[in-house]
Amino acid sequence: MEAQIGAAPGYIARFDASSWLEESKARQAGAWAGEKLGRALFTLAGNGPDGLGLLLVLEGLIMGVAGKRLLWRALSAGESAET
């Protein structure tokens, strides 16, 4: 698994370079704004044990892990379809 994680950036870059889609400036700006808004929401939710900040962080972590798993599944399906 450690080898797969180490190989991820190169594999994803190779896939992205061969993709006909280019990331638009609007999409980059939207991602940046979403990140800033998310950080503000974590701060407003509170960092204490009784605040929702920890719950939101854990939810974001779970979503990130699930998204990464789906990305790897889609990339492997795309790679097997090419051959």
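All heavy atoms count here, side chains included; hydrogens, waters and symmetry mates do not.
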Hey, what do you get for [atom1] ([X]) to [atom2] ([Y]), rounding to the nearest 0.5 Å?
X     : Y     : atom1 : atom2 : value
Leu70 : Leu75 : CG    : CG    : 11.0 Å
Leu44 : Leu52 : CG    : CG    : 11.5 Å
Glu59 : Leu54 : CD    : CG    : 11.5 Å

Task: Val57 and Leu61: CA distance, side-chain angles, deciding distance, side chain to side chain contact (heavy atoms under 4.5 Å, CB included) verdict - done: CA-CA 6 Å; Val57 169; Leu61 179 63; 5.6 Å; no
- [ ] Verify the neighbour count for atom NZ of Lys36: are there more than 12 heavy atoms of other residues, nucleotides or ligands below 6.0 Å?
- [x] yes
